[in-house]
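Read the structure below first, then the notes.
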Amino acid sequence: MSAEATNPGAPIRRRGRPRIDLRRLGRVALGPVSRDRLPDAIGHVAEAHRAHHPDADLTVLRKAYLLAESSHRGQMRKSGEPYITHPLAVTLILAELGAETTTLTASLLHDTVEDTEVTLDQVREQFGEEVCYLVDGVTKLEKVDYGAAAEPETFRKMLVATGDDVRVMSIKLADRLHNMRTLGVMRPEKQARIARVTRDVLIPLAERLGVQALKIELEDLVFAILHPEEYEHTRALIAAASAGSAASGDPLSVIAENVRAVLRDAGIPAEVLIRPRHHVSVHRVRIKRGELRGPDFGRLLVLVGEDADCYAVLGELHTCFTPVISEFKDFIAAPKFNLYQSLHTAVVGADGAVAEVLIRTHQMHKVAEAGVIALGNPGTADSASASMTEPADGERADPTRPGWLSRLLAWQQAAPDPDTFWTTLRADLAEDREITVFRTDGGTLGLPAGASCVDAAYAQYGNDAHSCIGARVNGRLATLSTVLSDGDTVQLLLAEDAASGPSPDWLDHARTPAARIAITGWLGAHPEDAQRPSSSRPAGSRPGPQAMNPARPGGNRSAGPRATVVAGRPAATVRLAGCCTPVPPDAVTGFTVRGGAVTVHREECPAVARMQSAGRTPIAVGWGDTAECRVTLVAESFGRPRLLADLTEAIATADAAIISATVEPPSEQRVRHTYTLQLPDAAGLPALMRAMRDVPGVYDVSRAQHPAAAV
C-alpha cells in the first residue's frame, strides 16, 4: 500500500477540473448509500466516464464500487486515508482517458483479490469472465510463494495477460501512477526502488502502448525522486520563464496568435493551443540546446477535423513562416509503432524565436494522449480499433495486440529463470525507439534502433533463423552483422542444410532478447558446433568493402565425408572443428557429438583439454586418402586501395575457393581479413599462405584460432 506525496507533475484531468481531495473522497466513500442512487464517491468517475461514453450503463460501476468499498472497509493507506480512495483514484485516471465501462469496473476491483477476502470466483460470478480476467492479470503473486522472484514473475504474468487484453496493462499503469503520486510517506530507499522499476519497465510500456498522458506524469515523478537536484533546477527554470512571460509577454503566445490569423485567412477551421512542456521534456531540451528561450518551454498544438486539413495547415505554415525543414516529420503517413500520428514541424517567429508545432486531428489527439485506452474493448467488433485503417502487415493490423508485444511475449517464454527474464525485459524496454524494416514478402518487422540482420532473422523466422547465412539489404548482399536503418528492405537467406546453426559471434550483433536467447540456447545445447567459425556471411559471389561472398553459401561444414578416418567407424559423419580448422598433416583427435557425428580438432586445440577435463573421451582419428581440406586464415595488413582485390586474386591463383570472408573495420590504419577457404590439396596450404604474405601491405598470415565455447 502507498501513501500520499506532493506531485511534481501535472495530474491527469480534464481542463478546468480541480484535483480531487482524497481525504474528502474517503469520507464520502464511507457514507450511507441508498439502494438505487449512485454513490457520491464515484460521482467524479461517472461524470468523466459519461463525457467519453454518454450512453454508458453505470449500474455495474455502482455494483463494483459497493463490493470494493465493503471489502476494503477498515483498511487504511500509509498516508492515513481509507484504502478505497486508491481504487477510486485509479478508476478516475482511466475514466479521464476514456476507458470503457469494463475497464473501470475491473479498476475498482483491482486490489480486492490481492488484499481482501474476495476471490476470483466471486468476481467471475458477479461481474463475468472479462472483468475476472483483468483483475487476475493485475493481481500480484505472493512473496511467500515466490520470494525474490515475486516481482519479475508478477510482471511476466501481467505481460502474458496483456498479450490477450491490453486493458490489463492500462489498469497497472494507472495503478502505478497513483502510487507514485502518493509515495512521499515511504522510506527514501523504497521510493528510489519503486521509481527505478517505474523508469525501467512501466514508463517504456506506457510509451509503447501510446499512453502519453500517463507516461509524462510518471516521468516527472520519477525525475523528482531519482534526480532531485536536476528536478529542482528545471522547476526553477520553468517558474522563471513563467514569471518572465507574465511580465513581458509570452513569445509563444504571439506566434500562436499569428498562426490563428493565418489559418483564419486561409479558411481552415482549427484550434491552436499552447502545450507547456513537462519537467523532463524541458530538461531534455536544455541538455540538447543549452540556453533556453521562451518558446522552448512549450509547443503549439493545432487540432483540425480531417487528415487533409493537417496537410493544409502545414502548407500555410511553411508558406507564411520560415520553416525549420530539419524538424519536419510526417507521422500521419507513417505512424509510430505505438499508434501515434501527427505532423511535426517548426517555424521561426518575427524575433527569430523558433516554435515547434504539432498538427493532428481531434481523433489523432485522443489516441496520442490515451493510446490503447482510447481503442475501447479489444474483443468487440465495433471498438475504435476496428475503425483504424492500418495496413494488415502483422505490425499494426491489430492495434490492441501490437507487434512489439507479440515479440516480447515470444522471447519471455524462452527466458530460463526470473533473473534472466527481469534483466532482459529491462534491457529490451530501454530501447527508446523502434525502426521499421520491410520484408520482401510484403510484411514489415519492428526492431529496436541498432538492430542487425541477425535480429531481423530471428524476428521473422524464430528458431529457423539458426540456418541463416546472410541477407540482402535494399537489394544488396550484406552480412548478418549489418545494422539496419528505418525503412530498409531486408531479405534473409537460409541455408538448405537445416542442421546448421549460429556461431558465438552472432551474439556480438544481436540486440533483441529474442535473438540472444535463441542463439544462447542453441550454443548451450551444441557446444561442439558452437566452436565453428561464423556463418554470418552473405551469399553470392562478388566481394564488397566489408565482406566477401561465399562461392558456395550454406555448404556442409565438413571438408568431405572421407576427408578423415575414424578408427573402427568407417561410415561416421565427420566435421572439422571451426575453432582450430585442422588440415593435413596436423595431428588430430576427435569427439562424438549429437547424431553420432565426430568433430575433429587439432591436438593442441584448447577445446581438447577442456573436453577431456570435463570427462569427454577422445576418439582416434587420422587423415584419409582424400587431401581436400577447409581452413580459416587471418591476414593482418595495412590499409590501402585495392588490397581486398589483390588478396582475393592471390587466393584464386592458388586454386582455393572462398567459402566466406570478412573484413573488420580499420583500426589505426591496420585491417584484419578472415577467410574460410576450400583447398583441393592440403599440401598447397603453405604456398597459399606465402602468396598471401607477398601481397603488398600484408604483414602476417596465420591459421585462425577461434575461442572455444564452454563445454
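These values consider heavy atoms only, across backbone and side chains, with no hydrogens, waters or symmetry-generated copies. Positions are given from 1, in the same order as the sequence printed here.
One side chain, Ser342 or Tyr340, offers a donor N or O that lies under 3.5 Å from an acceptor on the other. Side-chain atoms of Glu217 and His278 include no donor-acceptor pair closer than 3.5 Å. A donor atom on one side chain and an acceptor atom on the other are not found under 3.5 Å apart for Asp115 and His72. When only modelled atom types and interatomic distance are considered, Glu81 and Ser79 share a side-chain donor-acceptor pair under 3.5 Å. Looking only at atom types and distance, the side chain of Arg167 has no donor-acceptor partner in the side chain of Tyr133 under 3.5 Å away.
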Task: Verdict with reasoning, Lys329 to Glu356, per salt bridge (charged side-chain N to carboxylate O under 4.0 Å, His left out) - done: CA-CA 11 Å; Lys329 297 181 180 67; Glu356 294 183 25; over 6 Å; no
- [ ] Show your reasoning for whether salt bridge (charged side-chain N to carboxylate O under 4.0 Å, His left out) applies to Asp296 and Arg286.
- [x] CA-CA 9 Å; Asp296 292 331; Arg286 183 174 67 85; over 6 Å; no
TODO: Give the C-alpha distance, both sets of side-chain angles, the deciding distance and a yes or no for side chain to side chain donor-acceptor pair (under 3.5 Å) between Gln212 and Glu207.
DONE: CA-CA 6 Å; Gln212 294 297 315; Glu207 166 71 15; 2.9 Å; yes
TODO: Start with the C-alpha gap between His318 and Thr345, add the side-chain angles, then the distance that decides, and say whether side chain to side chain donor-acceptor pair (under 3.5 Å) holds.
DONE: CA-CA 9 Å; His318 283 197; Thr345 190; 2.8 Å; yes
TODO: Given ring pair (Phe, Tyr, Trp, His ring centres under 6.0 Å), test His86 with His110 step by step and report yes or no.
DONE: CA-CA 10 Å; His86 171 64; His110 80 270; 5.2 Å; yes
Open item on the list: Test side chain to side chain donor-acceptor pair (under 3.5 Å) on Thr198 and Arg176; report intermediate values, then the result.
Closed with: CA-CA 8 Å; Thr198 303; Arg176 178 55 60 94; 2.8 Å; yes
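Within the 4.5 Å cutoff, side-chain heavy atoms of Phe127 are placed close to those of Leu109. A heavy-atom distance below 4.5 Å is not found between the side chains of Leu358 and Leu300. Taking the side chain as every heavy atom from C-beta outward, Val201 and Phe155 approach each other to under 4.5 Å. With a 4.5 Å cut-off on side-chain heavy atoms, His178 and Leu92 do not count as touching. Lys157 is listed as a side-chain neighbour of Asp136, based on a closest heavy-atom distance under 4.5 Å.
The CG atom of Leu202 lies 7.0 Å from the CG atom of Leu218; values are rounded to the nearest 0.5 Å. Here the CG atom belonging to Asp309 is positioned 9.5 Å from the NE2 atom belonging to His362, to the nearest 0.5 angstrom. To the nearest 0.5 angstrom, Ile287 atom CD1 is 8.0 Å from Thr234 atom OG1. Glu130 contributes atom CD, which lies 5.0 Å from atom OG1 of Thr102 (distance to the nearest 0.5 angstrom). Separating the CG atom in Leu301 from the CG atom in Leu273 is a distance of 5.5 Å, to the nearest 0.5 Å. Here Ser170 contributes atom OG and Ile93 contributes atom CD1; the two are 12.0 Å apart, rounded to the nearest 0.5 Å.
Here Arg260 does not pair with Glu316 in a salt bridge; the nearest charged N to carboxylate O distance is not below 4.0 Å.
Scanning both residues, Met364 and Gln341, for their nearest heavy atoms gives CB-O, 3.7 Å. In this structure, Leu104 and Ala95 approach most closely via the heavy-atom pair CD2-N, 3.6 Å. Across every non-hydrogen atom of Tyr311 and Ala333, the tightest pair is OH-N, 3.7 Å. Summarising the geometry of Val354 relative to Ala346, their closest heavy-atom pair is CG1-CB, 4.0 Å, with the distance given to 0.1 Å. Closest approach of Ala161 and Val168 over heavy atoms only: CB-CG2, 4.0 Å. What you find for Val90 and Ser107 is that their closest heavy atoms are CG1-OG, 3.3 Å.
Of the possible donor and acceptor atoms, none in the side chain of Thr162 sits under 3.5 Å from a partner among the backbone N and O of Asp165.
Ring pair Tyr231/Phe223 is perpendicular by interplanar angle, where above 60° counts as perpendicular and below 30° as parallel.
Within 6.0 Å of the CD atom in Glu306, the count of heavy atoms belonging to other residues, nucleotides or ligands does not exceed 12.
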